[in-house]
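First the proteins, then the strands, lettered A, B, ... as listed; each starts at 1.
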2 protein chains.
Amino acid sequence: MNETRGVIEGVLSGIPHDCLIVLVSNSDREPVDRYEIEAQTVEQFCRLAGRPAMTVHQRDPGVAAAFKAAGMPELIDDDGLVRGGKGEAMLIGMALAAMTGRRYVGYVDADNYVPGSVHEYCEVFAAGLHLATSPYAMVRISWQSKPKFRDGRLFFNRRGRTSAITNEWLNRFLAEYSGFGTEVIATGNAGEHAMSLELGLKLRLAGGFAIEPYEFLNLFEQFGGVLESTDPEVMASSVPVFQIETRNPHFHDNRGEDHVQGMRMQALNVIYHSPVTLPAIRQAIVDFMVEQGALGPGQEPPRERVYPPVGTLDLDLLFDVLDAEARSFRRLDGQAEAAPATEPPVVRPTIPRKAA
Amino acid sequence: MNETRGVIEGVLSGIPHDCLIVLVSNSDREPVDRYEIEAQTVEQFCRLAGRPAMTVHQRDPGVAAAFKAAGMPELIDDDGLVRGGKGEAMLIGMALAAMTGRRYVGYVDADNYVPGSVHEYCEVFAAGLHLATSPYAMVRISWQSKPKFRDGRLFFNRRGRTSAITNEWLNRFLAEYSGFGTEVIATGNAGEHAMSLELGLKLRLAGGFAIEPYEFLNLFEQFGGVLESTDPEVMASSVPVFQIETRNPHFHDNRGEDHVQGMRMQALNVIYHSPVTLPAIRQAIVDFMVEQGALGPGQEPPRERVYPPVGTLDLDLLFDVLDAEARSFRRLDGQAEAAPATEPPVVRPTIPRKAA
């Protein structure tokens, strides 16, 4: 959303060649059509490299029409468009990846100033998914550090301001079950994460910034053994979640305190409302939120939106409506520009539609 | 020199596995022995990964003894130690690499906050040396940008403050010959560069920060066709110099204006004194230095030290004296720690001495 062309080019260049690039944008379309600039950036980058890509704008009426037709009217707001929010954009991304028949989806935030760190994220995704022996696997990145400029020099914080709170409460959630204090969850707000689509299509995703912490909760809800699982196939297997620390620091845009506080509270809201959260933790969350001034005494934390699994969508119908109605939807098939006659043409995988 | 452990660990982690790590340090040895911390960092990193490495301190009396014995007394100062200076450290590094029989040497400055960019430098070195059809090849890195913090946000400068000046004068040097203005030289001060040792062992390296710009001048002096070359073998081949721009920004420590001005002037000194620099450029350099306040009217730019080629050293003798007398000299042979009995041992290349 509203990143400069240079930053987007850098992020694209960090993504390994054999990956399909999916860019979901909620950038401004006026006075300057920033999405158009982004889509052109992707197109120019991918043409040179002979790489496949898809781009789409979150608030394109055709995208809303496609998700409505494919079976997820919950995603649409009163304006008849897909709701704004990070979780909603990531849901679109997962659906597009699934539509092409890819087996894995990996997320990388666009506000990243270091292409080499994007590259490392993707390599870590691949390493983790390769190590997983279950088809239902997730990899979440824990950054080495998050640098801020302070007193005339770079200071490399080990944890982000939101992650510290989210991780603490997810760990308290777990400790309440086990009776052992734990720090096992280190990636509650990990924007950079990947999963097999076999797992992803079963997950219920939350809207906005609740998406990343809620993935943990939904895993516990569906496959934690506290509630009866609706999915014996997954229960017969396992759901490994790899949390892997990178070597690169995470240099990105420094957003304000409001943004941080908003993210923290969205994480707490989903922990509070999860049916697997024990009463002592629910009470402690309310106390903490009141203390933080995020909640009045006697109020209940608001509910975050939670969507049906992407696996419930009719992906063929999604594609047909996107293709016909979504004017922002662009596909690059990954064929290289015509090479000089003396060189053999570069052959790259195309984007297949999901097998009929 | 005097980098923190965390920064050094990051740089080490960016170097591809099959490379031999050579760390040449001029860090303080008191009140805290920082070199000892660095050597331990390398040892711990390499033991875990089963990787070969060598570390040495520039001001170790045994190092001076070894270079004196091997035939380069020019490197020794009045204290009987190897002179301080970046060029001198790099000369030691090249000699150590040559001693082991490696074919290429690549330099990476230790003050780098982004392991992924170190990794990209090494991959670019490999790509360039692979593309070169001549055995006498060099690869020099042009960073994508050099970020500085300004007005509360990161500003990504395209060029460093020194490089702009050095490149301009190297290009004027060339243009004076061709009659065509040019911007062909973009890496006059490239700390990150690599070369085949077949070329490196023939080069005369300059001391201090003059080393990088002087590499260009020495190439022109020895192989430019202006002076008679002493090396018909190289002249029958060619000396490709690849200047490759990276995708990663170069995040490093921001040194002061004095440092920058010193580097600029050292570059101008070597251009001024090169026997292949034409008179008009020599005069223009003097005028510029006077204007900059770096030179009084009527003064001549100082001469930078230039050393004999590393290829003139007796490398077997160098190794013997280092091994016997240099207490800071450490070698790790790259054998992994004993693996569990059920796992096959990891086999890594050892550090061979130069074939007798």
>> With salt bridge (charged side-chain N to carboxylate O under 4.0 Å, His left out) as the rule and sequence neighbours excluded, what pairs involving residues 111-132 of chain A come up?
In response: none

> Should A:Pro249 and B:Pro115 count as side-chain neighbours, where that means a heavy-atom distance under 4.5 Å?
Replying inline: yes

> CZ of A:Arg103: more than 12 outside heavy atoms within 6.0 angstrom?
Replying inline: no

>> So A:Glu9 and B:Arg247, do their side chains get closer than 4.5 Å, heavy atoms only?
In response: yes

>> Under the salt bridge (charged side-chain N to carboxylate O under 4.0 Å, His left out) definition, can you give me all pairs with a residue in residues 24-33 of chain A, not counting sequence neighbours?
In response: A:Arg29-A:Asp33

> So which part of A:Tyr113 gets closer than 4.5 Å to some heavy atom of chain B, the side chain, the backbone, both or neither?
Replying inline: both

